[in-house]
Amino acid sequence: MSFKTITIIGFGLIGSSLARQFKAKNLCEKIVCADVSQDVCDQVKLLGLADEVYTDLARGCKEADLVVICVPVGAYKAVGQAISSSLKSGAIVTDVGSVKFKAIKDLQPFIPADVSFVPSHPIAGTEKSGPEHGFGHLFEGRWFIVTPIDDGRDALAVKRVCDLWDACGANVEIMTPKHHDKILGITSHLPHLIAFSIVGTATDLEDDIKGEVIKYSAGGFRDFTRIAAGDPTMWRDIFLNNKYAMLEMIQRFNEDLTELQKAIRQEDGDKLYDLFLRTSQIRKGVVQAKQDDVPTKGS
Ligand code: NAP
């Protein structure tokens with residue numbers, strides 16, 4: 001057993017998936033749900049996902065040996081403020097936020113000196129939200145990135161958190177918060193921004209074409225609609241909190257898109273072919289690394 005009491009703050013898709021896996025793998029004695037939403041708390045009770053359920057975050061953290069923050073990154077300051085004075089001496093706080101540098105900046109001031117903070121991020125998820133959509137095997141075979149704070153006091157805490165993600169079936173990787181934000185900016189955040197933009201463009205089309213966009217969506221559009229169906233609060237917070245990496249990636253993307261526009265205008269088939277050959281090889285690499293399937297409840 002890794003921890004006695006684990007409190008999960010924010011019991012949505014990721015929080016509830018972790019709770020299911022902690023229980024299935026017997027990784028703690030007690031799971032506590034702390035979520036400001038009464039509806040979410042009622043749902044968690046109904047699904048039997050936690051041993052105790054609180055809308056009062058401070059109350060929910062009092063006995064925790066490990067606190068896992070699973071709320072959108074824009075809510076970190078509010079969560080930090082709410083739990084700071086109730087964290088137990090010797091406790092560990094971790095999180096699953098999709099942005100690390102800004103999230104750490106927002107949360108760290110609220111972590112007492114006798115509590116360890118080990119930021120994390122699972123590279124696993126779906127476009128759905130809420131505790132009813134979580135599933136324990138979400139993390140199996142996926143990466144869990146840990147971005148330790150370099151203050152020297154957390155070596156044992158980092159090991160315990162890495163061991164926990166490992167026990168959940170994930171592959172664990174350690175990197176700096178800034179490096180994490182750059183990598184995720186290109187592999188996750190920019191593709192989502194492009195999907196939001198394309199689906200937005202399609203909905204702005206004239207009414208007669210709009211119907212056909214859905215009808216013939218299997219031509220590629222439907223894959224973008226799945227990506228663009230993510231939770232609006234979560235994605236708003238990701239873009240605002242990974243602002244500088246995003247602006248850099250958007251700039252590079254715009255430049256490369258302009259190059260493609262030029263190649264089409266100039267009928268430069270070689271240029272297009274060379275790029276598409278390169279990108280099809282990237283796809284083969286993704287499949288070989290077993291990161292190609294879309295995780296679902298049943299898989
Ligand atoms: P979710 O399903 O929407 O769950 C978030 C939960 O947090 C909801 O129950 C929400 O309640 C609650 N909440 C919001 N503000 C709160 C606050 N101030 N205090 C306590 N609870 C609060 O979201 P999710 O997909 O699990 O994402 C959670 C975190 O995981 C985010 O930081 C996200 O970046 C990260 N993440 C997500 C994915 C993914 O694919 N979904 C993958 C990796 C990491 P309400 O419903 O009432 O707002």
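Every number for a ligand or one of its atoms is a count from 1 in the order of the listing. Along the sequence shown, the residues carry numbers beginning at 1.
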Is the shortest side-chain N to carboxylate O distance from Arg278 to Asp274 below 4.0 Å?
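The answer is no: the pair does not qualify as a salt bridge.
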May I ask you to decide whether Asp163 forms a salt bridge with Lys159, counting only side-chain N to carboxylate O separations under 4.0 Å?
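Salt bridge: yes.
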Looking at [atom], what's its closest protein heavy atom, distance included?
atom                    : answer
atom 8 (C) of ligand 1  : Asp35 OD2, 3.7 Å
atom 43 (C) of ligand 1 : Pro122 O, 3.3 Å
atom 5 (C) of ligand 1  : Cys70 O, 3.7 Å
atom 4 (O) of ligand 1  : Gly12 CA, 3.2 Å

Which of the listed options, [options], holds the heavy atom that is closest to [atom]?
atom                    : options                     : answer
atom 42 (C) of ligand 1 : Ala124, Gly134, Ser37       : Ala124
atom 32 (O) of ligand 1 : Val99, Val71, Val96, Leu184 : Val71
atom 14 (C) of ligand 1 : Gly10, Ala75, Pro72         : Pro72
atom 33 (C) of ligand 1 : Ser188, Gly60, Ser98        : Ser98
atom 17 (C) of ligand 1 : Ile238, Ile69, Val36        : Val36

Would Met234 count as being in polar contact with ligand 1, using the rule that some N or O on each side must be under 3.5 angstrom apart?
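No; every N/O pair is 3.5 Å or more apart.
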List in chain and number order the residues that pass salt bridge (Lys or Arg N to Asp or Glu O under 4.0 Å) with Lys30, two or more places apart in sequence or in another chain; answer none if no residue qualifies.
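Lys30 satisfies salt bridge (Lys or Arg N to Asp or Glu O under 4.0 Å) with Glu52, Glu63 once adjacent residues are dropped.
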How would you list all residue pairs meeting side chain to side chain donor-acceptor pair (under 3.5 Å) that involve residues 164-174, not counting sequence neighbours?
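As it turns out, the side chain to side chain donor-acceptor pair (under 3.5 Å) pairs with a partner in residues 164-174, which skip direct neighbours, are Ser120-Trp165.
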Atoms in ligand 1 with a heavy atom of [X] nearer than 4.0 Å:
X      : answer
Gly97  : 32 (O)
Gly125 : 39 (C), 40 (O)
Val40  : 9 (O)

Among Asp95, Thr176, Asn242, Thr147, the one residue meeting side chain to side chain donor-acceptor pair (under 3.5 Å) with Lys100
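One option only clears the test, and that one is Asp95.
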Please state whether Ala78 comes within less than 4.0 angstrom of ligand 1, counting heavy atoms only.
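Not so, Ala78 does not reach ligand 1.
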Any non-hydrogen side-chain atom of Ile227 less than 4.5 Å from a side-chain atom of Phe196?
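Result no, sub-4.5 Å side-chain heavy-atom pair not found.
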